[in-house]
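Worksheet for the structure shown next.
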Amino acid sequence: MGGWAQLLKAPRVKTSPRRSRGDFGVDYAWLRDNREAFLGRWVALREGVLLDSDMTLRALLGRLTESGQMDGAFVVRVD
Amino acid sequence: MAGGTLRLEGVAQSWSTGSARNRIAIEHEGTILTVAVRCLIRGLPFETQALLDTGAAWSVIGGDLAEILAPQLGEPEQAMILSTRLGRIRGKLHELDIELLAEHGESLMVTGSVLIAPDWTGSVVLGYRGFLERIRFALDPGVNPDDAWFFFASAG
């Protein structure tokens with residue numbers, strides 16, 4: 001089976017033991033408190049702390065990789 | 001926060017296997033997009049957020065995220081044009097793993113169909129067909145925006 005037939009079938013759902021390390025609430029609070037200052041930028045957060053930001057996602061990801069901070073980072077565009 | 005009990009015809013059963021706080025009231029281009037949940041998209045080495053939208057027929061990933069993901073995606077794929085509030089967008093429908101991340105309990109891995117559309121400038125959208133249709137979920141708005149919870153489980 002392939003093509004449309006596969007893409008139109010019901011999604012497969014299963015539990016995963018993965019649990020995010022972060023406290024989602026502190027990241028959301030950071031986004032709310034800093035929205036105006038970072039509007040339009042991509043930001044990387046962990047535990048409510050800004051790791052880095054950039055206007056382009058590729059540049060931000062490049063620096064996160066170089067600095068070893070990618071794992072567990074929460075990356076979003078502020079809009 | 002992980003669990004909940006569903007009572008159906010007198011039989012109690014657990015229905016929620018995971019839960020996480022969700023963001024509410026995100027402003028985007030003058031529109032309030034109300035519910036954003038945290039997720040991990042296979043192929044991207046970081047956690048991000050997506051709008052939970054039962055009114056959307058399909059899930060969509062656009063812009064920079066789509067450009068980074070596109071080279072990693074394989075078959076099957078089908079070209080599709082989708083009519084959205086931002087106009088018509090072209091993309092390719094792919095099968096993709098997206099994990100809804102839990103703060104309590106277990107996360108949920110969904111292998112569904114997602115439109116990859118680089119021209120889509122809105123947020124990642126998790127729509128009904130091919131994604132939400134097999135998830136049992138509930139939203140608890142809490143008493144303030146910092147305490148809104150998303151409960152979820154496989155519908156079986």
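Reckoned from all heavy atoms, side chains included, excluding hydrogens, waters and symmetry mates. Proteins get letters first, then strands, A, B, ... in listed order; numbering begins at 1 in each.
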Option that, when pairs with chain A are counted at under 4.5 Å, heavy atom only, ranks first among B:Ile135, B:Leu44, B:Leu65: B:Leu65

Side chain to side chain contact (heavy atoms under 4.5 Å, CB included), that's the test. Do B:Ile68 and A:Leu61 meet it? Break it down for me. CA-CA 10 Å; B:Ile68 290 172; A:Leu61 297 182; 3.6 Å; yes

Chain B-proximal positions within residues 40-52 of chain A [heavy-atom distance under 4.5 Å]: A:Trp42

Inter-residue atom distance B:Ile24.CD1 - B:Leu52.CG, 0.5 Å rounding: 13.0 Å

Keeping to residues at least two apart or across chains, list the side-chain hydrogen bond (donor to acceptor under 3.5 Å, both in side chains) pairs with something in residues 108-119 of chain B. B:Asp97-B:Thr111

Counting only heavy atoms closer than 4.5 Å, note whether B:Glu99 contacts chain A via side chain, backbone, both or neither. side chain

Can you tell which part of B:Phe46 gets under 4.5 Å to a heavy atom of chain A, answering side chain, backbone, both or neither? both

Separation between CG (B:Leu115) and CG (B:Leu96), nearest 0.5 Å, reads 11.5 Å

Can you confirm whether A:Arg32 is buried at CZ, in the sense that more than 12 heavy atoms of other residues, nucleotides or ligands lie under 6.0 Å from that atom? yes

Quick check: do B:Phe152 and B:Val37 have side-chain heavy atoms less than 4.5 Å from each other? no

When you compare the side chain of B:His94 with that of B:Gln72, does any pair of heavy atoms fall below 4.5 Å? no

So which residue, B:Glu133, B:Glu67, B:Arg134, B:Arg38, ends up with the most heavy-atom pairs under 4.5 Å with chain A? B:Arg38

Keeping the roles fixed (side chain from B:Ser83, backbone from B:Arg88), state whether a donor-acceptor pair exists under 3.5 Å. no

Please find the pair of heavy atoms, one from B:Ser107 and one from B:Leu101, that lie closest to each other, and give the distance. OG-CA, 3.6 Å

Could you name the residues of residues 24-31 of chain A that have a heavy atom within less than 4.5 Å of a heavy atom in chain B? A:Phe24, A:Gly25, A:Asp27, A:Tyr28, A:Leu31

Can you list everything that forms a side chain to side chain contact (heavy atoms under 4.5 Å, CB included) with A:Thr15? Sequence neighbours excluded, please. B:Thr17, B:Glu106, B:Leu108

For the candidates A:Val75, A:Asp71, A:Leu57, which exhibits the highest count of non-hydrogen atom pairs separated by less than 4.5 Å from chain B? A:Val75

Between B:Ala102, B:Gly112, B:Gly63, which shows the greatest number of heavy-atom pairs under 4.5 Å with chain A? B:Ala102

Out of A:Leu64, A:Val76, A:Thr65, return the one with the most heavy atom pairs under 4.5 angstrom to chain B. A:Val76

Between B:Arg21 and A:Asp23, does a side chain to side chain contact (heavy atoms under 4.5 Å, CB included) hold up when you go through it step by step? CA-CA 9 Å; B:Arg21 272 167 288 196; A:Asp23 175 336; 2.8 Å; yes

Answer whether the closest heavy-atom distance between the side chains of B:Thr84 and B:Val60 falls below 4.5 Å. no

So, do B:Glu47 and B:Leu40 sit near enough that their side-chain heavy atoms are less than 4.5 Å apart? yes

So, the part of B:Ala79 with a heavy atom under 4.5 Å from chain A: the answer is backbone

